[in-house]
Amino acid sequence: MTDTEKPINFIQQVINADLEAGYVSKVVTRFPPEPNGYLHIGHAKSICVNFGLAADNGGSCNLRFDDTNPEKEDEEYVNAIIEDVRWLGFQWQADICYASNYFDQLYSWAQLLVSEQKAYVCELNAEQMREYRGTLIEAGRNSPYRDRPASESLDLLEQMKVGAVDEGSMTLRAKIDMTSPNINMRDPVMYRIKKMAHQRTGDTWNIYPSYDFAHGQEDAIEGVTHSVCTLEFAANRPLYEWFVANLPLPSQPRQYEFGRLNLNYTVTSKRKLKQLVDEKHVEGWDDPRMPTISGLRRRGVTASSIREFCDSLAVAKTDGVVDMAQFEHFIRNDLNNNARRAMCVINPLLVTLANYEPDKVEAFVVPGHPNRDDLGERTLPFGRQIYIDRNDFSEDTTLSRKKFKRLVIGDYVRLRSAYIIRADEVIRDAAGEIVEIVGAIVPDTVGQDAPEGVKARGVVHWVSAADSADCTVNLYDRLFNKAAPDAGEESFLEHINPQSLSIISGCKVEAGLAHAAAEDHYQFEREGYFTRDSKSKGLVFNCTIGLRDNWK
RNA sequence: UGGGGCGUGGCCAAGUGGUUAAGGCACCGGGUUUUGAUCCCGGCAUCGGAGGUUCGAAUCCUCCCGCCCCAGCCA
């Protein structure tokens, strides 16, 4: 056991200091997705960071839906998110939280700010507000409504709330500083009118709080001590702190930001993923090519490999792009250690072993995993006719043993866990296509070394022709053929890889897998890791990832 | 040209004035192997640039360069 010390990231350092100074006694974090799409691998890092920080410090983490904008949200998403977080292996504290649970409290806090002249109802429309806001290098100007009496704002706010005011014509704004170099502090919007039913509060509200007016207060209500989010919210922190300082909150949460996870050859933006789904470039949010949690799951990626991968990533302020190969390493590592072995011939080529008795059948009992006795054994039926992969046979007999460790006429190859065989003859159909190989077994070679004079070129996987199951295999390539699909001027859609999915039917898998359970993981030896698809009716396996391939 | 943040090998990343500058991924050699897998050995950087402080700097200071975020009634 090499317990490599995990570096203490900057947030943990803050926590250590807070714990030591007695500022906090119990660490409380939260994972706060907006239910406007499915979770993806980027969220997984955030989930691991937030739940991990809580677990590492004996604290707790809330799952909270930041449902402040009914326009984009849907119950389908909340259910999917709950399922994904659970599947990833995390347990939130007590009940699931919703920003919408705090709408009443938020409203009365808004009234308080108005009454203290720290907020006002503004009648500038969107375009005017933009003009008044100024630019990055020019200060903004005060709204003409900025100094209206509190009583007037209070009354208008109530009218906004009950639906007596048109959408877009009024907002509630915090009165901070229109000349602030931080644009977020230039009288930000606290409430906007949306005459729209909310998935949880129905028609109760005609106004909804903005992210900035809601988030810190949600944290405070829940007793969140360390509100950990991604870098792009850093500029919102002063505003977060302004509300915390100006409201009588039950606790004083603090916000910290770390770099979000970016992976090459894919996109991790809910907006873009939704576009892929809506425009049918993929089959759905859980399409195995998607970087969504549900897509990865259906693809056969394990929850534990996602966790291990995320834990290998730094919690820091650098924003880089992680190589997909790093993720793949953790996927293979977990599957290699835990997936049962099996054989599946993807492009079947019939081989008849002429010296094997026609009706004879043997059953070889072999391990389920080369070094995991606890994974049991499996039985491989063997007979006179078998299938091997077409790629494991070549008519080119000049290929050196080193270059081609597979079957050629006149030479030997080991059938994995079975006999050494020799190929003698090729049989073709009318079109000249090879349809069968006739060969012979070398007797007494099962579980034994090759006799004198026989040297197998290599090992090849196979399946009994008489006793195997037909199946379909889905092979995947990367969804985008450009490392940074969303980098250039052009749309990321232009970089979609048209060959990202290959459906191969007529594959032959060892008999024992005819009733494989969905989401069970297997290594098809010499091919890769596969899992039975959870949505298809027939026997369909999705290729999670191929084996490493070190030969040129 | 405003504000905030960041720059350590191809990628991720430790490092918080004195170490031969951790580790992982990738890659390149070699060994083992009934999976061209796994496993095992070995190789692979002077820290964005330039000055300065210091006996000593990736770590401190100055200037410069580059990248990211902020001008939604999105989050």
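Here is the naming used below: chain letters follow the sequence lines, and residue numbers restart at 1 for every chain.
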**Asked** Would you say B:rC73 has OP1 or OP2 under 4.0 Å from some side-chain N or O of A:Arg133?
**Response** yes
Checklist entry - Using atom C1' of each nucleotide, how far apart are B:rG7 and B:rU19 to the nearest Å? => result 24 Å
By the Watson-Crick or G-U definition, both distances under 3.5 Å, B:rG42 is matched with B:rC28
With a 4.0 Å limit, can you tell me whether A:Arg192 has a side-chain N or O closer than that to the phosphate oxygens OP1/OP2 of B:rA75? yes
Got a donor-acceptor pair under 3.5 Å from the side chain of A:Gln448 to the base of B:rU34? no
Of the candidates B:rC6, B:rA71, B:rU38, the side chain of A:Lys317 sits closest to B:rC6
The Watson-Crick or G-U wobble partner of B:rG17, with both key distances under 3.5 Å, is none
B:rG9 -> Watson-Crick or G-U wobble partner, both distances under 3.5 Å, gives none
If the cut-off is 4.0 Å, is A:Asn550 near the phosphate of B:rA37, judged by side-chain N/O to OP1 or OP2? yes
With P as the reference atom in both, quote the distance from B:rA45 to B:rG10 in angstrom, rounded to an integer.
11 Å
Regarding the side chain of A:Ala325, the nearest nucleotide among B:rA75, B:rG36, B:rC25 is B:rC25
Answer yes when A:Arg133 and A:Glu138 have at least one side-chain N-carboxylate O distance shorter than 4.0 Å, and no when they do not. no
Taking B:rU16, B:rA37, B:rC70 as options, the one with an atom nearest any side-chain atom of A:Asn184 is B:rC70
Discussion item. Using atom P in both nucleotides, what's the gap between B:rC60 and B:rC6 to the nearest angstrom?
Written reply: 12 Å
Base B:rU38 paired with A:Arg332 side chain (donor-acceptor, <3.5 Å): no
- Query: Does the B:rU34 base have a donor-acceptor partner in the side chain of A:Arg414 within less than 3.5 Å?
  - Reply: yes
Would A:Arg478 and A:Tyr265 count as a cation-pi pair here, with the cationic atom under 6.0 angstrom from the ring centre and within 45° of the axis?
yes
Base B:rU35 to side chain A:Glu527, donor-acceptor N/O within 3.5 Å cut-off
no
* Any Lys/Arg nitrogen of A:Asp187 or A:Lys175 sitting under 4.0 Å from an Asp/Glu carboxylate oxygen of the other? -> no
Next item on the list: Could you walk me through whether A:Tyr120 and A:Ser143 pass the side chain to side chain contact (heavy atoms under 4.5 Å, CB included) test, one step at a time?
Entry: CA-CA 10 Å; A:Tyr120 61 97; A:Ser143 160; 3.7 Å; yes
Q: Could you tell me whether A:Arg64 and A:Glu222 have a side-chain N and a carboxylate O separated by less than 4.0 Å?
A: yes
Regarding the side chain of A:Glu232, the nearest nucleotide among B:rC69, B:rC73, B:rU16 is B:rC69
Considering only heavy side-chain atoms of A:Ile137, the closest of B:rA75, B:rU1, B:rC73 is B:rU1
Is it the case that the base of B:rG36 and the side chain of A:Arg406 share a donor-acceptor contact (distance under 3.5 Å, atom types as modelled)? yes
Across every strand shown, the nucleotide meeting Watson-Crick or G-U wobble geometry with B:rG56 (both distances under 3.5 Å) is none
